[in-house]
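Here's the structure we're looking at; comments come further down.
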Amino acid sequence: MSDFTETNRKYFDNLAASYKGQFADAQRMLSAETVQHRNWISNRWTDTEAGKDQEIKMLEYACGPGVISMSLAPFVAKVIGVDISDNMIAEFNRNASSLGLSDKVVGYQADLLAEDAPAQDIESACTNLDLVTVSMALHHFEHPDRALKRLAKRLNKGGACYIIDLVAHSGAHGHGHDDHQHEFAGAAHTVKTHGFSHEDMQQLFEGAGLTIGFEYKILPEPLRFSTEERSFSKTVFIARAQLK
Ligand SMILES: C[S@@+](CC[C@H](N)C(=O)[O-])C[C@H]1O[C@@H](n2cnc3c(N)ncnc32)[C@H](O)[C@@H]1O
């Protein structure tokens, strides 16, 4: 694990227990937007013509407690959550269990962006995917371009990639300045990229062979966050494309 990734691991290991409570409003909104956009994200679900009679499998990378996994679990056969933080994976598996989803939703601690392949069981769980998703984590990756390339390789042909992240240089109130470092002061050292524009995402997807049906949407409502000192909001996008 690189030093930067290790910094992220430590930071999120410490945050894991309080994460869900601290970001409850944002998590609710991401869940609602994801379910609402399900057929925009992919056409392969257990209840759609394209997914019928198939074992639809999704990976949520950098899953944290797994809000996207738990929201989409009813529509797939198998969900794999992977995160570098053990404590986040413990939260993920606890959430799956309390929702009665442990038979199809399983979390593993691993670094899928490292040079070395993960353990064999994780490697085989994370191949032949129909959907790979990364929510609010691409800005924490040291090399987002490499990350998307590696993750896209795990998709079946025509499989979809769904990304949620912060819009580049978007101030909470339209003043054109993204104050991420100040607002998440304690997290500044874990952030590599201060958001992604439409063009950034198109380039990242194309570089990973995700060239079919690219779309990027800015969500109409910003995500709201509160810390002990202040409340603020962040403009967020969702983007999708399929592997050629
Ligand atoms: C802001 S949280 C987002 C969690 C969740 N996806 C969500 O939307 O609530 C960022 C997550 O990315 C994970 N993370 C950061 N860098 C990572 C990396 N290189 N590989 C895997 N996970 C990583 C952290 O451990 C943390 O769980």
Side-chain angles (χ1 to χ4, degrees), residues 1-35 37 41 58-73 79-96 105 107-118 122 126 131-151 154 161-166 180-181 183-196 219 223-225 227 234 236-239:
M1 199 175 282
S2 72
D3 289 351
F4 183 74
T5 306
E6 174 59 15
T7 300
N8 265 276
R9 190 196 63 73
K10 276 202 200 116
Y11 178 79
F12 284 105
D13 239 15
N14 288 328
L15 197 62
S18 62
Y19 187 88
K20 233 173 67 166
Q22 193 175 335
F23 300 119
D25 286 348
Q27 300 256 296
R28 256 194 300 278
M29 185 175 139
L30 293 182
S31 171
E33 289 288 351
T34 296
V35 171
H37 283 90
I41 295 166
M58 74 170 259
L59 165 68
E60 181 175 8
Y61 189 60
C63 58
V67 66
I68 305 303
S69 293
M70 309 305 158
S71 305
L72 293 176
V79 182
I80 299 102
V82 175
D83 199 289
I84 46 167
S85 155
D86 271 318
N87 291 347
M88 283 293 193
I89 289 302
E91 291 292 321
F92 181 96
N93 285 326
R94 205 170 300 131
N95 287 332
V105 179
Y108 299 97
Q109 188 281 333
D111 179 357
L112 295 183
L113 309 180
E115 289 301 326
D116 300 337
I122 301 175
C126 297
L131 174 65
V132 61
T133 182
V134 179
S135 166
M136 300 302 286
L138 196 62
H139 61 278
H140 291 288
F141 296 167
E142 196 164 13
H143 305 289
D145 51 345
R146 246 188 254 170
L148 281 196
K149 280 188 188 132
R150 295 222 164 133
L151 294 173
R154 299 183 172 280
C161 179
Y162 170 52
I163 304 290
I164 307 174
D165 214 291
L166 304 167
H180 194 88
Q181 263 163 315
E183 286 155 340
F184 290 109
H189 63 303
T190 68
V191 173
K192 181 73 185 190
T193 313
H194 291 282
F196 301 88
L219 296 183
L223 288 189
R224 298 184 197 289
F225 300 95
T227 63
K234 287 273 157 196
V236 167
F237 71 85
I238 54 176

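Because the structure is predicted, anything quoted here is derived from the model rather than measured. Whatever order the structure lists them in is the order used to number ligands and atoms, beginning at 1. Side chains are part of it too, since the values below use all heavy atoms of this structure and drop only hydrogens, waters and symmetry mates.
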Margin query: For atom 2 (S) of ligand 1, tell me which residue out of Y11, Y19, F4 has the closest non-hydrogen atom.
Written below: Y19
Notebook entry, point to check: Looking at S135, which atoms of ligand 1 are within less than 4.0 Å of one of its heavy atoms?
Noted result: 3 (C), 5 (C), 6 (N), 7 (C), 8 (O)
Item checked: Contacts of D145 that satisfy side chain to side chain donor-acceptor pair (under 3.5 Å) - sequence neighbours left out -> none
Margin query: Could you identify the single nearest non-hydrogen protein atom to atom 12 (O) of ligand 1 and state the distance to 0.1 Å?
Written below: A62 CB, 3.3 Å
Notebook entry, point to check: Under 4.0 Å from ligand 1, counting heavy atoms only, is it the side chain of Q27, its backbone, both or neither?
Noted result: side chain
Next item on the list: Examine the proximity of ligand 1 to F23 and report which part, side chain or backbone, both or neither, has a heavy atom under 4.0 Å away.
Entry: neither
Notebook entry, point to check: At a non-hydrogen distance cut-off of under 4.0 Å, which region of N8 contacts ligand 1 (side chain, backbone, both, or neither)?
Noted result: side chain
Check: At what distance, to the nearest 0.5 angstrom, does CZ of R154 lie from CD1 of I80?
Finding: 10.0 Å
Note to self: Does only the side chain of C63 get under 4.0 Å from ligand 1, or the backbone, or both, or neither? Count heavy atoms.
What the structure shows: backbone
Next item on the list: Identify, for atom 18 (C) of ligand 1, the protein heavy atom at the shortest distance, and state residue, atom and that distance.
Entry: F141 CE2, 3.6 Å
Check: Given E60 and T133, is the side chain to side chain donor-acceptor pair (under 3.5 Å) satisfied, shown in steps?
Finding: CA-CA 5 Å; E60 181 175 8; T133 182; 5.7 Å; no
Margin query: For atom 26 (C) of ligand 1, what is the closest protein heavy atom, and at what distance to 0.1 Å?
Written below: F12 CG, 3.4 Å
Next item on the list: Going by heavy-atom distance to atom 25 (O) of ligand 1, choose the closest among T34, T7, I68, D83.
Entry: D83
Checklist line | Point-to-point distance, once rounded to the nearest 0.5 Å, from CG of L112 to CZ of R150 | finding: 10.0 Å
Item checked: Nitrogen or oxygen of D111 less than 3.5 angstrom from that of ligand 1 -> no
Check: Do R28 and E33 pass the salt bridge (Lys or Arg N to Asp or Glu O under 4.0 Å) test, and can you show the C-alpha distance, the side-chain angles, and the key distance before you say yes or no?
Finding: CA-CA 9 Å; R28 256 194 300 278; E33 289 288 351; over 6 Å; no
Next item on the list: Quick one: sort the F12 and H140 rings into parallel, tilted or perpendicular, breaks at 30° and 60°.
Entry: perpendicular
Note to self: Measuring from non-hydrogen atoms of Y61 to any atom of ligand 1, is the shortest distance under 4.0 Å?
What the structure shows: yes
Notebook entry, point to check: Taking both backbone and side-chain atoms of S85, is any N or O found less than 3.5 Å from an N or O belonging to ligand 1?
Noted result: no
Checklist line | Whether E60 lies under 4.0 Å from ligand 1, heavy atom | finding: yes
Note to self: Can you confirm, on distance only, whether ligand 1 has an N/O atom lying under 3.5 Å from any N/O atom belonging to M136?
What the structure shows: no
Margin query: For the OG1 atom of T5 and the CZ atom of F141, what is their distance to the nearest 0.5 Å?
Written below: 9.0 Å
Check: Is the closest N or O pair between T5 and ligand 1 shorter than 3.5 Å?
Finding: no
Margin query: Pair I163, I238 - check side chain to side chain contact (heavy atoms under 4.5 Å, CB included), show working.
Written below: CA-CA 6 Å; I163 304 290; I238 54 176; over 6 Å; no
Tell me which donor-acceptor pairs under 3.5 Å the side chains of residues 81-92 have, and how far apart each pair is, sequence neighbours excluded?
residue : atom : partner : partner atom : Å
D83     : OD1  : S85     : N            : 2.9
D83     : OD2  : C63     : N            : 3.3
D83     : OD2  : G64     : N            : 2.9
S85     : OG   : D13     : OD1          : 2.6
S85     : OG   : N87     : N            : 3.4
S85     : OG   : M88     : N            : 3.0
N87     : ND2  : D13     : O            : 2.9
E91     : OE2  : R94     : NH1          : 2.9

Checklist line | side chain to side chain donor-acceptor pair (under 3.5 Å) between E142 and S2, intermediate numbers included | finding: CA-CA 9 Å; E142 196 164 13; S2 72; 2.8 Å; yes
Notebook entry, point to check: Hey, mind stepping through D165 and T193 against side chain to side chain contact (heavy atoms under 4.5 Å, CB included) and telling me if it holds?
Noted result: CA-CA 10 Å; D165 214 291; T193 313; over 6 Å; no
Notebook entry, point to check: Which protein heavy atom lies closest to atom 23 (C) of ligand 1, and at what distance to 0.1 Å?
Noted result: I84 CG1, 3.4 Å
